[in-house]
S.K.: 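Just dropping this structure here.
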Amino acid sequence: MFLALLVAAGLLCCAQSSPVTKSGGSQKLDLTPSMKAKRSARIIEECMLVGLEEGTYYYKSRGTGDVCGVYLLSKPDEAVQVSFDYLDVDCDTDGLVSFVDGWELGGELFPSEVDAPLEGRVHEFCGRLKKKVFRSSGNAALIQYRVPNRGDGFKITVRYTKNPSPCNILVDEVSGVYTLRNHGGRSNCSITTIFPATVSIVQLAVGVNGVAVPNRAIETGVLSRCEKRGSRDYVQIGGGQGLDVTKLEVEDSVCGMDSNPRVPASHILCGMTTVRMVSSGLTDNSITIAISQITDLELMPTLVCEMPL
Ligand SMILES: *[C@@H]1O[C@H](CO)[C@@H](O)[C@H](O)[C@H]1NC(C)=O
């Protein structure tokens, strides 16, 4: 496995510095202007590609053994489907291609291993392949490859398909409103932005049993420090310098029932911002949040991440 080899310092640098360079609107992380051109068959040339549109792509090795990555991201309610239409990568010269369900940046995974076990999420192969189709569970997927043998390569077709119950959402839009639901199950879901962000709770129903009085569950308001109070269902709001939620700096963990919360927004000044809903499966949980990228550097942050040494 060569997951950890790809250090995506480039992306992290630019995602972090973007508040100063970006203005409003629904701009996307655009590191691949050359890929935007509408052509029927496109060639993968850059070693690190982010955010491709749907279509068919070719890669042909020029004989370097670099580890490269194609970072795919669909809309929050979509999944990424990658079909390897053709693959010819020499195993004997250490050629390897992998499909990862999620993203990996600097050795850290989204979704994190604690919430989505690694087993079955990484598919590695080399040799000759006719056709193989993979689908992500969330809206993020990654193709990593190292093809030292000149002339070897592969062809992929990328499609974004509907995902009726998104759990883990990686966000690169500068602002948006997102909802996480557990559908009554025991699962942990998160929304992560790859930039510092302001988070406001729009609606909250977590850890409260509304079955006794359907449609009229008791409004508790937004409760704080729910994890410390021993609630089994809660939502962590925080940030970190990487994708690993076990390293998350948590500003607060909230729970309760509030259909119209008026709590102050969180301004998370970290490389990444995460809202993580932990569900025991005992209650039907949902949270709707509004997220926007922090562009105003005068804004007083409510959480600042410690920079790694
Ligand atoms: C969800 O997260 C909690 C706390 O981190 C953990 O104890 C639990 O095992 C996780 N559940 C799942 C299904 O991953």
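Remember, it's 1-based here, ligands and their atoms both numbered in the order they're listed.
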S.K.: Run the salt-bridge test on Glu108 and Lys247 with the 4.0 Å N-O cut-off and return the result as yes or no.
M.R.: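 Looking at Glu108 and Lys247, the cut-off is met.
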
S.K.: Would you call the rings of Phe99 and His123 parallel, tilted or perpendicular, taking 30° and 60° as the class edges?
M.R.: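 The rings of Phe99 and His123 sit tilted, inter-plane angle from 30° to 60°.
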
S.K.: Tell me: protein heavy atom nearest atom 13 (C) of ligand 1, and distance?
M.R.: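 Ranked first by proximity to atom 13 (C) of ligand 1 is Arg186 NH1, 3.4 Å.
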
S.K.: Within a distance under 4.0 Å of any heavy atom of Val114, pick out the atoms of ligand 1 and give their elements.
M.R.: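 Listed by number with element: 14 (O).
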
S.K.: At what distance is the nearest protein heavy atom to atom 2 (O) of ligand 1, and which residue and atom is it?
M.R.: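 Looking at atom 2 (O) of ligand 1, the protein heavy atom closest to it is Asn188 ND2, 2.3 Å.
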
S.K.: Going by the rule side chain to side chain donor-acceptor pair (under 3.5 Å), which residues pair with Ser259 if we only count those two or more places apart in sequence or in a different chain?
M.R.: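 Residues passing side chain to side chain donor-acceptor pair (under 3.5 Å) with Ser259: Glu219.
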
S.K.: Please indicate, with yes or no, if any protein heavy atom is found under 4.0 Å from atom 7 (O) of ligand 1?
M.R.: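 No; the ligand atom in question lacks any protein heavy-atom contact below 4.0 Å.
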
S.K.: Any ion pair linking Arg42 and Glu53 (charged N to carboxylate O, less than 4.0 Å)?
M.R.: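 A salt bridge links Glu53 with Arg42.
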
S.K.: Kindly say whether the aromatic ring centers of Phe125 and Phe134 come within a distance under 6.0 Å.
M.R.: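 Yes, ring centres under 6.0 Å apart.
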
S.K.: Once you restrict to heavy atoms under 4.0 Å, what part of Arg276 touches ligand 1? Side chain, backbone, both or neither.
M.R.: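 The answer is the side chain.
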
S.K.: Hey, does Tyr234 come in under 3.5 Å of ligand 1, counting only N/O atoms on both sides?
M.R.: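 N/O-N/O distance under 3.5 Å: no.
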
